[in-house]
Protein chains: 2
Amino acid sequence: MSVSSRTAVAVHALTFLAQWEADDLQPSTDIAESLESNPVLVRRVLGLLRDKGLVSAVEGSGGGWQLAKPAEQITLRDAYAAVEKGAPVLPAHAHPPSQSCVIGRHMQSLLEVEFAAAQRAMEDRLAETSVAHMLRRIRDRERGEPVSR
Amino acid sequence: MSVSSRTAVAVHALTFLAQWEADDLQPSTDIAESLESNPVLVRRVLGLLRDKGLVSAVEGSGGGWQLAKPAEQITLRDAYAAVEKGAPVLPAHAHPPSQSCVIGRHMQSLLEVEFAAAQRAMEDRLAETSVAHMLRRIRDRERGEPVSR
DNA sequence: GAAACTGTAACTAGTATGGTGGCGGCTGTG
DNA sequence: CACAGCCGCCACCATACTAGTTACAGTTTC
């Protein structure tokens with residue numbers, strides 16, 4: 001069932017960082033607190049986001065994390081892609097099927113095409129929402145739901 | 001990473017059954033052979049498909065499986081939905097986040113909305129392809145790729 | 001009754017997950 | 001310089017789900 005909750009952690013962390021001005025560094029412990037989770041877990045996810053150029057870290061005392069580009073330019077797909085390593089959501093056969101069966105001979109490649117298309121549809125939908133978007137909606141809700149889109 | 005390969009098994013089995021006329025029962029061993037897998041595993045998946053009215057089984061000697069409705073009316077989404085129990089592809093947080101943080105207070109429900117929309121997009125794409133469609137393409141390929149759509 | 005099926009339960013081994021502790025290295029402050 | 005605060009990373013744990021297998025009870029045909 002399901003992929004992992006890393007994408008949720010990633011989006012949470014990104015939105016958390018989007019609250020603050022750039023150069024206003026936030027330590028992983030603060031983010032972990034908001035997630036009610038562990039700093040190490042947060043750093044694992046943030047490390048992946050950094051590898052994709054979404055956030056940057058500053059070491060040492062007073063260090064922490066910040067967005068590496070404007071929140072408008074970071075979509076949920078970026079977060080998903082950074083964090084959910086390659087593996088497709090819908091995996092084809094565990095073992096390749098029998099090559100001596102008409103179905104088996106073609107099913108795998110056909111399934112890969114269909115599943116890839118389905119995954120692309122999912123990612124395209126994720127790409128429609130940016131981190132800035134998430135933050136805006138949170139702020140709307142916080143001051144009483146005038147609803148933005 | 002990923003869900004399970006049950007959907008792949010389900011689509012394979014459905015397409016396999018679509019090869020034959022209705023009332024031409026196929027035993028799970030034959031399907032398992034095409035998958036190069038185990039009859040029990042196949043029956044587990046077929047059992048789920050039967051629960052959703054996609055296939056039907058006849059017990060006893062000479063028994064087996066058949067499609068319960070025309071292959072045109074069975075889509076990959078039907079197979080997916082029957083086999084991949086409820087759990088969303090993109091899970092939200094493992095632990096609910098901190099309620100004392102502005103982000104934490106709203107992130108979960110916002111994520112659920114976004115993730116549900118993304119999953120729906122994926123399922124809608126799966127719904128565009130029927131089992132009949134899969135079989136047709138396999139037969140096209142088998143006789144030399146005149147390509148059908 | 002034997003043979004050919006479905007239907008289930010119980011078990012294994014492998015793998016990914018969230019979570020935790022420990023430790024080294026970097027950096028700003030006093 | 002020492003220290004505190006922070007990142008980066010490794011090793012480890014318990015849990016859960018996976019594919020695959022064995023075993024066996026029930027049902028039907030011959």
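Every chain is numbered from 1, with letters handed out A, B, ... down the list of sequences. Remember, it's a predicted structure, so these values are computed and weren't measured experimentally.
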Original post:
Please give, in whole Å, the distance from C:dA16 P to A:Glu84 CD?
Top reply: 12 Å
Subject >> Euclidean distance, A:Ser34 OG relative to A:Gln19 CD, rounded to 0.5 Å >> reply: 7.5 Å
**OP:** For B:Gln99, look at atom CD and say whether over 12 heavy atoms of other residues, nucleotides or ligands are found less than 6.0 Å away.
**Re:** yes
**OP:** Look at the side-chain N and O atoms of A:Arg6 and state whether any lies under 4.0 Å from the OP1 or OP2 oxygen of C:dT17.
**Re:** yes
**OP:** Mind calculating the distance between CD (A:Gln66) and P (D:dC7) to the nearest angstrom?
**Re:** 12 Å
**OP:** When you get a sec, tell me which of D:dT18, D:dC9, D:dT22 is the closest nucleotide to the side chain of B:Asn38?
**Re:** D:dT22
Subject >> Whole angstrom value for the distance that separates P of D:dT18 from CG of B:Leu35 >> reply: 17 Å
Subject >> Closest-nucleotide 5' rank along DNA chain C - winner of A:Ser37 and A:Val58 >> reply: A:Ser37
Original post:
Please give, in whole Å, the distance from C:dT6 P to B:Leu49 CG?
Top reply: 14 Å
Original post:
Just checking A:Thr29: base, sugar-phosphate only, or nothing, at a heavy-atom cut-off of under 4.0 Å?
Top reply: nothing
Original post:
Any idea which of D:dA4, C:dG7, C:dG18 is nearest the A:Ser61 side chain?
Top reply: D:dA4
Subject >> Nearest-Å distance for atom pair CD/C1', residues A:Gln26 and D:dG5 >> reply: 14 Å
Original post:
How about A:Glu84 and A:Thr7: does a side-chain donor come under 3.5 Å of a side-chain acceptor?
Top reply: yes
Subject >> Flag, side chain of B:Gln119 to backbone of B:Val89, donor-acceptor distance under 3.5 Å >> reply: yes
Original post:
Reckon B:Gly64 touches a base, only the sugar-phosphate, or nothing at all at heavy-atom distances under 4.0 Å?
Top reply: sugar-phosphate
Subject >> Short side-chain donor-acceptor distance under 3.5 Å, A:Arg141 and B:Ser109 >> reply: yes
**OP:** For the side chain of B:Trp65, starting at C-beta, report the closest nucleotide among D:dG8, D:dG20, C:dG7.
**Re:** C:dG7
**OP:** Would you classify A:Ser28 as touching base, sugar-phosphate or nothing, given that sugar-phosphate means primed atoms plus P, OP1 and OP2, and contacts are heavy atoms under 4.0 Å?
**Re:** sugar-phosphate
Original post:
Which nucleotide in the list D:dG8, D:dT29, D:dA23 gets nearest to the side chain of A:Arg43?
Top reply: D:dG8
Original post:
Rounding to a whole Å, what distance do you find between A:Glu36:CD and C:dT20:P?
Top reply: 11 Å
Subject >> Under 4.0 angstrom between A:Ser5 side-chain N/O and C:dG18 OP1 or OP2 >> reply: yes
Subject >> Residue B:Ala94, side-chain heavy atoms: nucleotide from C:dG18, D:dC7, D:dG20 that is nearest >> reply: C:dG18
Subject >> Pair A:Glu114 + B:Arg137, salt bridge at N-O below 4.0 Å >> reply: yes
Subject >> Closest to side chain of B:Pro27, choosing from C:dG19, D:dG20, C:dT6 >> reply: C:dT6
Original post:
For the pair made of CD in A:Glu59 and P in D:dC7, what is the distance, rounded to whole Å?
Top reply: 9 Å
Subject >> Whole-Å gap separating P (D:dC7) and CD1 (A:Ile31) >> reply: 8 Å
Original post:
A:Gly47 or A:Gly60: which one's nearest nucleotide on DNA chain D is closer to the 5' end?
Top reply: A:Gly60
Original post:
B:His95 side chain N/O closer than 4.0 Å to the phosphate oxygens (OP1, OP2) of C:dG19?
Top reply: yes
Subject >> Whichever of A:Val40 and B:Arg50 has its nearest DNA chain C nucleotide further upstream toward 5' >> reply: B:Arg50
